[in-house]
There are 2 protein chains.
Amino acid sequence: MPIASVERETGLSKDTLRVWERRYGFPTPERDAKGERLYTPVQVRRLVQIKRLMDRGHRPGKLLALDEPSLRALDDTHATPLSAPGEAQLDNWLQLVKSHDSEALQRQFYRELAKRGMPRFVQDTIAPLIARIGEAWSRNELGIFEEHLFSQHLKKLFRTTLANLPPQVGSPRVLLTTLSGEEHTLGLLMVEALLVVEDAYPVLLGPQTPIGEIVRAANVKQVDAVCLSFSVAYPTTLAAQGLRDLRQMLPGDTEIWAGGYGIKSIRKPIEGVCLVPEFQDLYDCLARWRVETGS
Amino acid sequence: MPIASVERETGLSKDTLRVWERRYGFPTPERDAKGERLYTPVQVRRLVQIKRLMDRGHRPGKLLALDEPSLRALDDTHATPLSAPGEAQLDNWLQLVKSHDSEALQRQFYRELAKRGMPRFVQDTIAPLIARIGEAWSRNELGIFEEHLFSQHLKKLFRTTLANLPPQVGSPRVLLTTLSGEEHTLGLLMVEALLVVEDAYPVLLGPQTPIGEIVRAANVKQVDAVCLSFSVAYPTTLAAQGLRDLRQMLPGDTEIWAGGYGIKSIRKPIEGVCLVPEFQDLYDCLARWRVETGS
DNA sequence: GTCAACTATTTGTCTTGGACAATATGAATA
DNA sequence: TATTCATATTGTCCAAGACAAATAGTTGAC
């Protein structure tokens, strides 16, 4: 697998991959006739594993020095998030995803949503489940196929639920999208659902909007805030740079909310940007806006 | 604006930007104290324009030699598609998209769907409209923002319509997805809608599934055919290669249907792959399958 | 023991200029 | 009008060096 594919698969830039090879001696891919790097599937899997551990706060220097068993051990360290209430149920769902039982999964989703209501459903059920699926994926317990299937069912659920809600007229008006290069839309749908039931007015724009277009959309649609979603795979520096660029081009009275696992690794707060690592924090943003504008 | 931001905004890689500067002398950005490139907004705008013309088939070498007025003139070249008979309605819709009138657009869509029925709606209304919007975009008459908004409304329409249909049990079972690198899902949704009303059983998998995973999914879900969608942007050679790879890995009795504007430029038929350039051809595939299997 | 400030180390991104293969163009031929 | 072949174009990759932002580790004051 050539370096460009590895970049796409792992989210590690070509520069990073090359500098790791130079500094740490891993990965040392084969070379083709042209002298270009060819990574083995084993190396790619290990890189993905390392990336996941990095997202959890570990440093590359340490991780790259470890051997396979140590890595796995480290992975298992976090593998058992102390069984929170309803943990058994999560395992149950994970099993459904693994066994491709679409119908059962769909049924269970609808039941759970009806039972707990949208806010609790999103925060206590779906968010942890997505995290668990990500872990399971990194441990190679399920594949992209299962993840896609899960994703589709969830999108379907949100779409149909949202379609049955009355037309929106609330405030604040919030533009939902992602920056170029970030193609995950599940986060946007979840935020849309939360905003709707909180009587806000979300404007869903879909993924991968260039910053100039976001600014134009915010202007045309007269939104009070722009909400961006970042997945773990999105490089932290790109996210930070993009947020700074956007802040500069957007009118000062338009807020910027940035959410998703991808921004958890941003340490330094960005001037004029509200970081929303957890769904709970979204409510704080919303409440603050309503207090500040007196609506 | 640093080079990483320009890459994100224009979709031109850092390597490409640097090599253009070296070869054609444009763009020649300022440098900061660190000696790193800083592009001006004017340069970025021009790069976006150049990229757009490239997508229309022009070559970089020519475009980068042109000055500002010549570029603009070239932009206007394709500016006037003669309005064919019965296109008044299309122009009408295009106007709605341009004016960001979400509510009116949504209303019109639902009315048209109810009036004409799903097959005619997809073939006679939506497919031409998508083509027109693509043209308008390449002529810079509307932006990515408008295109995203249109796309979202259409997705919403299909989702809600499909959600209200009874559970599917028909045949053939068809897996719907795209290859890695192809992220457009509208085509998949339209095919899903057509298949549902034709009493087939579509399994929507979402975009960008690696070939190995497609094979696994086809096996697990026991589908009779795999249907792939390609947009104009997808490189023809990649599409052809991908289809050949897939054909080799998939069981012989599983059909492959390939559709979308992206496959219209494939000249040579591919052994064991059914090319479906128009929606009409999908019905032929379906009918043929039903005759051959006697169901 | 806790917190702040300072120094050292780690780490990702950017730099240059050269190389090469895949693709597109254009000319010559069947 | 098609095919084939030579030529030109063009994007991606490579190497090794440099630098600043972020993080870790250390010291000192309270």
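Lettering follows sequence order; numbering is per chain, from 1. It should be emphasised that the depicted structure is a prediction, and the values quoted were computed from it without experimental measurement.
Between B:Asp15 and A:Ser13, the residue whose closest nucleotide on DNA chain C is further toward the 5' end is A:Ser13. Each of A:Glu36 and A:Lys62 lies near DNA chain D, and the nucleotide nearest A:Glu36 is the one positioned closer to the 5' end. Toward the 5' end of DNA chain D, the nearer of the two residues B:Gly61 and A:Leu38, judged by each one's closest nucleotide, is B:Gly61.
The interatomic distance linking B:Glu7 (CD) with C:dG12 (P) rounds to 17 Å, in whole Å. Regarding B:Lys51, its NZ atom lies at a distance of 15 Å from the P atom of D:dT10, rounded to whole Å. Distance B:Trp20 CH2 to D:dG11 C1': 10 Å, rounded to the nearest Å. Separating the CD1 atom of B:Ile3 from the C1' atom of C:dG12 is a distance of 15 Å, rounded to the nearest angstrom. The nearest whole Å value for the distance from the NE2 atom in A:His58 to the P atom in D:dT23 is 15 Å. Whole-Å rounding puts the A:Leu63 CG to C:dG12 P distance at 10 Å. Here the P atom of nucleotide D:dT10 and the CZ atom of B:Phe26 are 15 Å apart, to the nearest Å.
At a cut-off of 3.5 angstrom, counting only N and O atoms as typed in the model, there is no donor on one side facing an acceptor on the other between the side-chain of B:Arg23 and the base of C:dG17.
The existence of a salt bridge linking A:Arg216 and B:Glu146 is confirmed by a sub-4.0 Å separation between a basic side-chain nitrogen and an acidic carboxylate oxygen. Under the 4.0 Å criterion applied to side-chain N and carboxylate O atoms, B:Glu21 and B:Arg18 are not assigned as salt-bridge partners.
At least one side-chain nitrogen or oxygen of A:Arg18 sits closer than 4.0 Å to the OP1 or OP2 atom of D:dC14. Side-chain nitrogen and oxygen atoms of A:Thr16 include at least one within less than 4.0 Å of the OP1 or OP2 phosphate oxygen of C:dT13. A close approach under 4.0 Å does occur between a side-chain nitrogen or oxygen of B:Tyr24 and OP1 or OP2 of D:dT10. OP1 and OP2 of D:dT12 both lie 4.0 Å or more from every side-chain N or O belonging to A:Lys14.
Across D:dC19, D:dT9, D:dC13, the shortest atom-to-atom separation from the side chain of B:Lys34 is found for D:dC19. Picking from D:dG11, D:dT23, C:dT15 the nucleotide with the shortest atom distance to the side chain of A:Arg59 gives D:dT23. Closest to the side chain of A:Arg37, from the set D:dC14, D:dT10, C:dT16, is D:dC14. When the nucleotides C:dC14, D:dA15, D:dT10 are ranked by their closest atom to the side chain of A:Arg31, D:dA15 comes out on top.
Base contact: A:Arg22 has a heavy atom under 4.0 Å from a base atom.
You'll find the side chain of A:Gln43 reaches within 4.5 Å of the side chain of A:Pro29, heavy atoms only.
The side chain to side chain contact (heavy atoms under 4.5 Å, CB included) test with A:Phe230 singles out one residue from A:Thr178, A:Thr236, A:Leu179, and that residue is A:Leu179.
Under 3.5 Å, the side chains of B:Thr209 and A:His148 contain a donor-acceptor pair of N or O atoms.
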